[in-house]
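In what follows, every heavy atom counts, from backbone to side chain, and hydrogens, waters and symmetry copies are set aside. What you see is a predicted model; the values in this text were computed from it and never measured.
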Amino acid sequence: MARILITSALPYINGIKHLGNLVGSQLPADLYARYMRARGHEVMFICATDEHGTPAELAAAKTGEPVDAYCARMHAVQTDLAHGFALSFDHYGRSSSARNHALTQHLAAKLGEAGLIEEIAEKQVYSHTDGRFLPDRYIEGTCPACGYERARGDQCENCTKQLDPTDLINPRSAISGATDLEVRETKHLYLRQSKLRDTLDQWIDRQQGWPVLTTSIAKKWLHDGDGLRDRGITRDLDWGVPVQFDGAPWQGMDGKVFYVWFDAPIEYIAATAEWADRHGLDDSAWRRWWRTDEGADDVRYVQFMGKDNVPFHTLSFPATLIGSGEPWKLVDYIKSFNYLNYDGGQFSTSLGRGVFMDQALSLLPADYWRWWLLSHAPENSDAEFTWENFQTSVNKDLADVLGNLVSRVTKFCRSKFGESVPEGGATGPREAQLVADLTTRLHAYAGHMEAMDIRKSAAELRALWVLGNEYLQEAAPWSSFKTDPDLAAAQIRLALNLIRFYAVISQPFIPEASARIMAAMNSDDWSWPTDVAQALDRLPAGHAFAVPDVLFAKITDEQRADWETQFSGQR
RNA sequence: GGGCCUGUAGCUCAAUUGGUUAGAGCAGAGCGCUCAUAACGCUUUGGUUGGGGGUUCGAGUCCCUCCGGGCCUACCA
């Protein structure tokens with residue numbers, strides 16, 4: 001039994017996430033966590049809301065709430081949605097927690113002591129009307145190169161030229177439109193990660209089998225131009241972890257907070273501490289997951305994230321942990337994802353284009369979305385959601401192949417033998433063949449799950465379901481019942497057991513449907529099948545069961561058409 | 001501009017990392033079955049692997065080039 005630490009990239013607090021966000025980190029992380037638990041491993045699965053930064057402050061201002069109240073409310077909303085999608089976090093924390101404040105300040109102090117923090121005075125644009133410094137991209141103006149009037153302070157979207165905010169003609173605040181902008185000098189802390197470049201480079205080189213997407217992005221940042229650049233880790237904001245604190249190795253940083261990308265990954269650790277607090281455990285309970293000197297050296301740590309998160313997880317966060325000089329657990333494997341697009345374009349919050357987590361659950365149960373999203377996870381390239389694909393996939397895979405199998409077996413048994421597992425008869429070579437086929441495919445399925453090959457896992461699971469329909473077709477208990485009822489009884493006894501077997505192995509993908517099947521089969525034996533023949537003998541003759549309601553109702557053409565219109569983006 | 005990924009059947013994707021005749025699912029066609037959510041099973045049509053050139057006994061896979069799609073490019077997170 002291994003110990004596996006799993007973190008999902010933290011969803012940002014300023015709104016409800018869309019399906020692309022979900023499939024890019026939280027959902028595949030959940031699949032992996034569920035599978036590893038099912039295999040008997042000790043799992044710590046951590047996620048949290050990422051609550052700091054300018055967008056959170058602006059979102060709160062828009063609703064008129066204090067930012068802490070806004071974040072608390074949105075955290076509750078996202079927690080509900082996580083439950084709705086059956087995401088099995090051991091803890092869903094908050095980056096604004098006291099634990100994260102303390103740990104972020106601790107690590108910053110350690111980095112300072114190690115000589116890896118530098119104070120740099122720089123010029124930033126301040127908006128009097130907004131009462132805040134503006135990040136580059138929150139400043140708009142006319143592009144000096146092409147004349148585009150809505151160029152942003154970091155880059156012109158029209159001509160793609162890199163810009164400095166002071167390059168803009170007629171600059172204005174993108175928040176308020178205010179033009180009373182002023183360049184002010186302000187002091188910030190920089191993480192001198194350039195000093196760790198070789199260490200990070202060698203660490204990346206030692207990682208075997210990481211997705212190309214992960215290592216190529218890291219390598220680019222390490223070797224582009226002059227190599228890895230130092231990075232500002234503080235901001236002039238109110239909401240966040242204060243930079244000035246008792247014991248800080250610097251002065252004069254009052255009123256500043258750490259940059260959200262500095263404190264967000266630290267929350268992985270802090271959230272584990274929050275987990276311990278919630279369960280009344282002492283610090284050793286979480287430190288055994290994170291400190292290699294306190295038991296974490298046998299932990300396997302896997303991170304899940306979208307590709308936009310890769311630089312922070314391959315470079316900045318490791319630099320923070322390594323630079324602290326303390327024995328923190330580093331990530332062992334990074335599973336990164338491309339983007340999910342929506343029907344020919346990108347998901348868009350502002351345009352109301354695409355399907356968001358709350359809307360998805362209002363249309364259909366979580367398992368429908370889980371199955372489609374996971375079986376089409378954007379592992380090798382960007383993927384695309386279309387309603388037509390969703391409808392055919394879900395109807396075919398879930399309703400026809402799996403759902404109907406459960407239905408045909410349980411209903412046949414009820415009509416011929418009653419609602420308990422029939423007795424009598426014996427199985428023969430056809431059944432032995434089924435066991436052999438299931439064993440082969442179960443091994444392949446397990447191999448893909450271990451490797452986090454998500455699409456392949458889904459395809460293999462579906463193939464396992466298909467074996468049930470093939471068997472039933474050949475065995476044809478409806479025929480054998482007429483000539484040899486005992487044989488039919490043995491066949492159906494096996495088929496009922498097969499249904500329970502499917503519920504167990506399908507649970508990581510479709511946990512709610514699996515639970516319904518298990519309830520109908522009147523079983524709570526979720527142990528992972530290591531010996532297929534034994535696993536198909538768990539429900540003995542005489543064991544009572546119930547015919548479940550339709551497991552997966554089909555998506556109709558009318559529904560599909562309605563939803564296509566509803567989510568096309570003219571909100 | 002630079003870097004990276006990607007292009008395989010009508011659609012969504014595989015192809016053990018250079019090795020027989022490029023495979024699945026869906027869609028299409030035919031047959032079978034009648035337990036079941038008009039479900040299931042079997043058979044089958046369909047590809048000059050984006051175009052061109054090269055290396056090799058052998059290329060979907062490696063190299064060059066052109067065309068198309070996408071991502072990143074460090075102050076959004």
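Consecutive pairing runs in RNA chain B reach the stem threshold at B:1-7 with B:67-73, B:10-13 with B:23-26, B:28-32 with B:40-44, B:50-54 with B:62-66, where a stem means at least three Watson-Crick or G-U wobble pairs with distances under 3.5 Å.
Here the two rings, on A:H188 and A:F133, have centers that are 6.0 Å apart or farther.
Here B:U34 is in the anti range [glycosidic angle more than 90° from 0].
A gap of 40 Å separates the P atoms of B:C26 and B:C64, to the nearest Å. B:G54 sits 28 Å from B:G69 when the P atoms are compared, rounded to a whole Å. B:U61 and B:G52 have their P atoms separated by 13 Å, with the value rounded to a whole Å. Rounded to the nearest Å, the gap between the P atom of B:A36 and that of B:C31 is 24 Å. Taking atom P on both nucleotides, B:C5 is separated from B:C75 by 24 Å, rounded to a whole Å. B:U17 and B:A59: their C1' atoms are spaced 13 Å apart (whole Å). Taking atom P in both B:G7 and B:U49, the straight-line distance is 14 Å, to the nearest Å. Spacing between B:G2 and B:A74 at atom C1', rounded to whole Å, works out to 14 Å.
Within residues 304-313 of chain A, the residues approaching RNA chain B are A:K307, A:D308, A:F312, by heavy-atom distance under 4.0 Å.
Dashed line: the shortest gap from a side-chain N or O of A:R152 to OP1 or OP2 of B:C76 is not under 4.0 Å. Of the side-chain N and O atoms in A:R414, none sit less than 4.0 angstrom from OP1 or OP2 of B:C35. Within the structure, every side-chain polar atom (N or O) of A:Y190 is placed at least 4.0 Å from both OP1 and OP2 of B:A74. In this structure, A:N380 reaches the B:A14 phosphate: one of its side-chain N or O atoms is under 4.0 Å from OP1 or OP2. When the side-chain nitrogen and oxygen atoms of A:K220 are compared with OP1 and OP2 of B:A74, none of them lie within a distance under 4.0 Å.
Each of A:D382 and A:L222 lies near RNA chain B, and the nucleotide nearest A:D382 is the one positioned closer to the 5' end. Between A:W261 and A:S216, the residue whose closest nucleotide on RNA chain B is further toward the 5' end is A:S216.
Using cut-offs of 30° and 60° for the angle between ring planes, the A:H18 and A:F347 rings count as parallel. Taking the six-membered ring where tryptophan is involved, the planes of A:F412 and A:F481 are perpendicular, since the angle between them exceeds 60° and thus also 30°. Relative orientation of the A:W372 and A:H376 rings is parallel, given thresholds of 30° and 60° on the angle between their planes. The aromatic rings of A:Y342 and A:F385 sit parallel to each other, their planes meeting at less than 30°, with 60° as the upper class boundary.
Looking at A:H223 and A:D201, their side chains come closer than 4.5 Å, going by heavy atoms from C-beta outward. Side-chain contact between A:T186 and A:K256: present, with at least one pair of heavy atoms (C-beta onward) separated by less than 4.5 Å. Between A:L373 and A:L340 the shortest side-chain heavy-atom distance falls below 4.5 Å. The shortest side-chain heavy-atom distance between A:Y12 and A:P55 falls under the 4.5 Å cut-off. Proximity of A:D397 to A:F552: side-chain heavy atoms (C-beta onward) are nowhere separated by under 4.5 Å.
If you check every strand for non-hydrogen atoms under 4.0 Å, A:K456 touches sugar and phosphate atoms only. Residue A:T54 is in sugar-phosphate contact alone, with no base atom involved, counting any heavy-atom pair closer than 4.0 Å across all strands shown. Using a 4.0 Å heavy-atom distance criterion, A:P477 is classed as making no nucleic acid contact. Nucleic acid contact class of A:G227 (heavy atoms, under 4.0 Å, all strands): base.
Distance NE2 (A:H223) to P (B:C72): 21 Å, rounded to an integer number of Å. The CG atom of A:D154 sits 10 Å away from the P atom of B:U73 (whole-angstrom rounding). Going from atom CG of A:N338 over to atom P of B:C4 covers 16 Å, rounded to whole Å. Note: CG (A:L134) to C1' (B:C75) measures 11 Å, nearest angstrom. Rounded to whole Å, atom C1' of B:U73 lies 14 Å from atom CG of A:L315. Atom-to-atom, CZ of A:R197 to P of B:A74 comes out at 18 Å; the value is rounded to the nearest Å. Atom CG of A:N395 is separated from atom C1' of B:C11 by 16 Å (rounded to the nearest Å). Rounding to whole angstrom units, CD of residue A:E140 and P of B:C75 are separated by 19 Å.
Using a cutoff of 4.0 Å between basic side-chain nitrogens and carboxylate oxygens, A:D205 and A:K219 are scored as salt-bridged. Between A:D382 and A:K307, at least one side-chain nitrogen of the basic residue sits less than 4.0 Å from a carboxylate oxygen of the acidic one, meeting the salt-bridge criterion.
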Protein-proximity profile, nucleotides 36-42 of chain B, B/S/- by nucleotide at the 4.0 Å heavy-atom cutoff, equals BB-SBSS

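Few gaps surround CG on A:D557; more than 12 heavy atoms of other groups in view lie less than 6.0 Å from it.
Which of B:A77, B:C4, B:C76 sits closest to the side chain of A:D50 comes down to B:A77. Between B:A74, B:C26, B:C76, one nucleotide has an atom nearer to the side chain of A:W221 than all others, and that is B:A74. Of the candidate nucleotides B:C35, B:C71, B:C75, B:C75 has the atom nearest to the side chain of A:D136.
Tested against A:F390, the residues A:W369, A:Y368, A:W371 include a single ring-ring contact (aromatic ring centres under 6.0 Å, His included) partner, A:W369.
If you check distances only, the side chain of A:E122 does reach the base of B:C75 with a donor-acceptor pair under 3.5 Å.
Checked by atom type and distance alone, the side chain of A:S25 never pairs as donor or acceptor with a backbone atom of A:M305 at under 3.5 Å.
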